[in-house]
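Index from 1, following the sequence. Quick caveat, the model's predicted, so the values are computed rather than measured.
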Amino acid sequence: MKRKLLVVAMALCTSLLMAEIKLNWQVGASQTEKDYPQKFIPAEVPGAVQLDFAKALKLPDYRFGINSRAYRWLEDRYYTYKVEFAKPALSKNKRLLFKCESIDYRFKIYVNKNLVVDQEGMFTPVNVDITDFLKNSNLLEVVVFPAPKAYPDENFDEKWYNENPLMSAVRGKNDKVFKPKSYRMNASKSFKPPVSYEWDWHPRLIPLGICGEAKLEVANASRLNDVYVKYSLSDDLKTANINLNLEGVKLAETSYKWKLLDESGKLVKSANGKISADCFVSENIEFANPELWWPNGHGKAYLYDSIFELYSDDGKLLETDKQKVGFKRVKFVPNRGAWSEPSVPAKTRSVPPMQLEINGREIFVKGSNWVNPEIFPAKVSDERYEILTDYAVDLNFNMLRMWGGAPVARKKFFEICDKKGLLVWQEFILGCNFYPDEEAYLKVLRQEATSIVKKLRKHVCMACWRGGNELYNSWSRMTEQSLPLRWLNSITLQYNPEIPFNATSPIMGVAHGPYHFFVNHNGERVDIFQYWQTCRFTAYCEFGISAMSPVETIRKTIPANEIFPVRPTPAWIEHHAFKTNDKSDLLKGVHSNYYASEVFCGESKSIEELIEKTQFMQAQAYRFMFEETRRQKPYCSMAINWCFNDAWEGAGNQSIIAYPTIKKQSYETVKQACRPVLASARFAKFTWKPNEKFAGKAFILNDYYKSFDPMTINIKVEFDGKVRNVRTLKSKAIQPNKNEFVGNYEFKIPDLGKEIRRFKLILEVEGKPEFSSEYSFVYYPDFKINRDKEFVEKIKLN
């Protein structure tokens with residue numbers, strides 16, 4: 001009770017010290033920066049200009065059909081936000097600040113027509129003192145520029161792409177000529193998220209406007225801008241050496257008091273002292289025997305309360321900063337067996353270290369790629385963060401990869417991950433583009449990256465920094481010598497050296513893909529089950545299988561007369577069911593699994609049946625892929641699928657969670673596959689014919705740092721609801737954090753007739769049903785894998 005009263009008192013005190021002024025925003029559009037809007041409409045802040053004008057002009061819902069195209073003209077206007085306010089009463093040593101978390105993307109801020117901020121970049125917050133520009137009646141204006149476009153007048157055709165000086169500079173003389181993947185190249189000279197410029201699961205809708213909380217705040221002349229509780233752990237993890245890093249205004253001659261409280265509210269450490277400069281680092285504070293923070297599945301995500309108080313030279317409390325602090329040590333170390341590679345006489349370097357080590361313990365990473373949960377960042381609620389991260393914990397994940405094509409999440413997301421034990425792999429805003437060495441771009445990159453690092457380094461969930469997504473690939477063509485990546489490395493080293501950095505993913509030894517049920521392997525077309533067993537990588541940071549969205553999503557987005565049979569109509573194409581990667585190939589993207597479902601599961605008679613089949617196939621594939629990746633431990637140390645969630649009501653995606661928070665079938669199979677301990681089956685393929693021999697291997701997978709007694713596994717098979725025993729296997733004792741091969745099994749597929757049907761393989765662990773596992777397959781008496789031409793003809797437009 002005392003602690004609750006203290007927190008309430010602190011909150012009331014802070015609100016009195018930092019009073020806010022209510023703002024009623026309006027926004028207007030113009031063709032040029034010099035033109036002033038002729039008309040203003042109500043604006044929602046945080047928000048986006050597209051949402052405000054859609055409401056005012058009654059634009060059609062961008063989520064339905066091809067309506068998102070009706071919003072494209074909004075990309076190329078200037079927007080003026082304005083708000084009028086009366087000058088507040090400011091006593092001595094009080095100042096009026098304008099603060100905004102994020103303005104997207106290039107903007108200028110005026111107070112009574114005086115320019116006070118001129119900035120490019122949405123991840124550096126605004127914190128400007130406007131006191132000296134005030135009158136009795138005041139006008140605050142934020143002018144937002146059009147969406148940045150590196151090549152706005154270019155047609156993205158083969159000729160442009162292969163004759164463009166930018167590309168010729170990075171293309172070898174004999175390199176293959178190829179077309180651009182997407183309009184996203186227009187994001188290649190800005191720090192704006194490229195996903196907004198169109199992706200294979202995201203429409204071309206480029207948000208603009210004030211997308212973060214904006215406020216006028218009465219503050220003290222002496223004030224804090226940032227408090228960072230920096231620490232390092234001793235080698236034995238028994239001592240935390242803490243330094244308080246402060247940034248602020250007019251801090252000289254002020255003083256501080258700092259307290260560290262444990263989860264019960266008990267004071268465990270304190271310090272105080274004088275502050276001598278606006279950038280100040282305290283003397284070392286030694287904290288003995290800290291409780292360590294552990295990721296999900298490995299221990300408690302223990303958090304302390306840090307309370308920092310700023311005092312004037314006469315002892316008056318000026319400001320209080322409160323934040324959560326956790327103690328952990330994170331490293332990437334070489335994977336087991338990596339130093340033996342390569343084995344050829346002509347030596348080169350081994351694969352880079354990808355084994356994550358937390359507090360001295362090697363952790364097998366299980367997780368997914370987090371993408372922006374909304375097209376418009378301001379629409380992502382705290383509740384959505386809570387629901388999605390609850391799902392991640394329930395799925396037995398311990399890490400989320402924050403993909404570099406999307407915006408950086410709000411502070412609330414990282415606070416939630418701190419609390420729930422979810423490690424975060426954070427990428428900077430570079431994705432699948434060639435980002436130049438040009439100083440104009442690098443200036444913004446340095447500004448934005450510094451702001452991101454300073455914001456996120458406070459969160460104990462942070463596990464690694466990455467420069468961006470797929471930057472060393474043929475479509476991006478960056479290298480270790482690219483200046484943007486060298487700068488990002490230097491910035492993370494300067495401001496957050498405790499957290500590892502890599503330039504991009506994938507790197508040598510790390511896999512991205514495949515993303516389809518069919519894979520061409522050594523000239524032969526095989527299913528993903530067959531292919532996945534041939535792979536050998538230290539980490540799988542993207543792999544995916546598509547599934548259609550739930551039927552309620554399809555009915556909300558596709559016109560009724562187009563829903564079934566599924567064909568590449570404009571609405572299906574717009575929602576990424578067809579033509580999502582290579583615009584000329586009908587067998588790419590989400591619809592590749594539509595095709596696969598026809599091949600593997602037979603022709604569908606309704607949209608509901610088709611959706612169920614694609615989700616069933618995704619579920620079985622994801623289960624096998626996660627488990628097979630885990631079976632490759634200890635050389636392999638990471639399984640992160642593409643992807644976790646959706647940004648809008650697409651027709652389908654490789655996601656586990658459909659927009660906004662709807663679980664697909666794969667949710668349950670991935671949850672089962674990522675249990676810390678389970679019986680696991682390896683088998684040859686997904687589809688089986690009568691009289692084929694089904695042969696496989698059984699394992700116990702153990703990610704816990706504890707041992708288990710020998711286990712008995714009963715191998716069973718179920719056909720048409722009838723279960724029969726195949727074999728009983730007994731394991732050895734299960735060692736901590738190690739997998740155990742248990743034995744082989746085999747049985748003959750019976751002749752069940754001419755109809756396609758499903759059957760199950762069951763691994764039943766005696767006395768430990770929580771470790772048992774179940775797998776589903778397709779019985780297909782006349783299976784044919786090469787039906788491409790037949791399928792293409794079937795789905796062509798009439």
Side-chain angles (χ1 to χ4, degrees), residues 200-201 514-520 525-532 543-551 553-555 558 562-569 572-573 575-581 585-625 641 650-656 658 662-670 685-689 754-760 775-796:
D200 56 4
W201 48 271
Y515 306 94
H516 308 296
F517 214 91
F518 291 127
V519 180
N520 289 318
R525 197 165 200 200
V526 298
D527 70 33
I528 191 62
F529 297 81
Q530 296 166 299
Y531 172 76
W532 207 242
F543 56 88
I545 297 293
S546 297
M548 296 181 71
S549 294
V551 68
T553 300
I554 300 299
R555 296 195 186 281
I558 306 298
E562 296 180 23
I563 287 180
F564 196 80
V566 176
R567 297 168 299 144
T569 63
W572 280 108
I573 292 171
H575 287 268
H576 303 99
F578 296 89
K579 302 183 180 181
T580 57
N581 289 320
D585 187 349
L586 286 177
L587 295 180
K588 293 284 188 182
V590 172
H591 60 285
S592 69
N593 204 23
Y594 163 34
Y595 164 64
S597 73
E598 296 279 298
V599 172
F600 282 95
C601 298
E603 184 175 357
S604 297
K605 305 299 184 184
S606 67
I607 188 65
E608 289 83 1
E609 184 181 349
L610 177 60
I611 290 169
E612 193 282 331
K613 286 178 179 177
T614 66
Q615 290 201 15
F616 166 74
M617 291 176 62
Q618 182 196 54
Q620 307 317 311
Y622 267 156
R623 172 160 197 160
F624 184 85
M625 296 166 86
N641 83 291
N653 194 5
Q654 286 134 7
S655 57
I656 300 169
I662 307 173
K663 301 174 183 177
K664 294 181 182 175
Q665 280 193 43
S666 57
Y667 184 96
E668 288 302 323
T669 58
V670 171
K685 57 180 182 174
F686 177 62
T687 304
W688 297 86
K689 295 181 181 181
K754 300 298 184 182
E755 293 184 5
I756 301 168
R757 61 190 71 191
R758 301 173 187 177
F759 67 94
K760 293 180 180 179
Y775 307 85
S776 294
F777 305 88
V778 171
Y779 167 87
Y780 202 140
D782 188 26
F783 179 68
K784 296 177 182 178
I785 199 169
N786 294 310
R787 292 174 56 191
D788 292 21
K789 291 183 180 179
E790 175 186 342
F791 175 73
V792 170
E793 290 300 319
K794 177 182 175 181
I795 65 172
K796 278 184 178 178

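Of the inter-residue distances, the one linking E562 atom CD with I607 atom CD1 reads 12.0 Å to the nearest 0.5 angstrom. Taking CD1 from I611 and OG from S606, the interatomic distance works out to 8.5 Å, rounded to the nearest 0.5 Å. One distance of note links CG of D200 with CG of N653; it measures 7.5 Å at 0.5 Å rounding. Within the model, atoms OG of S666 and CD of Q654 stand 11.0 Å from one another, a figure rounded to the nearest 0.5 Å. In this structure, Y515 OH and N641 CG are separated by 10.5 Å, a value rounded to the nearest 0.5 Å.
With hydrogens and angles disregarded, no donor-acceptor distance shorter than 3.5 Å links the side chain of T687 to the backbone of V778. Between the side chain of K613 and the main chain of S597, no donor-acceptor pair closer than 3.5 Å is present. Judged by distance alone, with hydrogens and angles left aside, the side-chain atoms of T614 form a donor-acceptor pair with the main-chain N or O of M548 at under 3.5 Å. The closest donor-acceptor contact from the side chain of K685 to the backbone of D527 lies at 3.5 Å or more, if one exists at all.
Ion pairing of R555 with E608 is present here, as a side-chain N (NZ or NE/NH1/NH2) and a carboxylate O approach within less than 4.0 Å.
Between F624 and F529, the angle of the ring planes lies from 30° to 60°, which puts this pair in the tilted group. Between F686 and F616, the ring-plane angle classifies as tilted under the 30° and 60° cut-offs.
Here the side chains of H575 and I558 are in contact, with some heavy-atom distance below 4.5 Å. Side-chain contact between F759 and F777 is present, with heavy atoms from C-beta onward closer than 4.5 Å. Proximity of S776 to R758: side-chain heavy atoms (C-beta onward) are nowhere separated by under 4.5 Å. No side-chain heavy atom of V519 sits under 4.5 Å from any side-chain heavy atom of W532.
The minimum heavy-atom distance linking S549 with I554 is given by the pair O-CG1, 3.9 Å. Among all heavy-atom pairs drawn from R623 and Y775, the shortest one is NE-CE2, 3.5 Å. Taking all atoms of both residues into account, the shortest heavy-atom contact from F564 to S604 is CZ-O, 3.5 Å. Across I662 and P550, no two heavy atoms sit closer than the pair CG2-CG, 3.6 Å.
Among the candidates M625, M617, H516, the single residue satisfying the side chain to side chain contact (heavy atoms under 4.5 Å, CB included) test with I545 is M625. A ring pair (Phe, Tyr, Trp, His ring centres under 6.0 Å) with F600 is found for exactly one of Y780, Y779, W688, F517, namely F517.
Side chain to side chain, E612 and Q665 meet the donor-acceptor criterion of an N or O pair below 3.5 Å.
Ring centers of Y622 and Y667: at least 6.0 Å apart, outside the cut-off.
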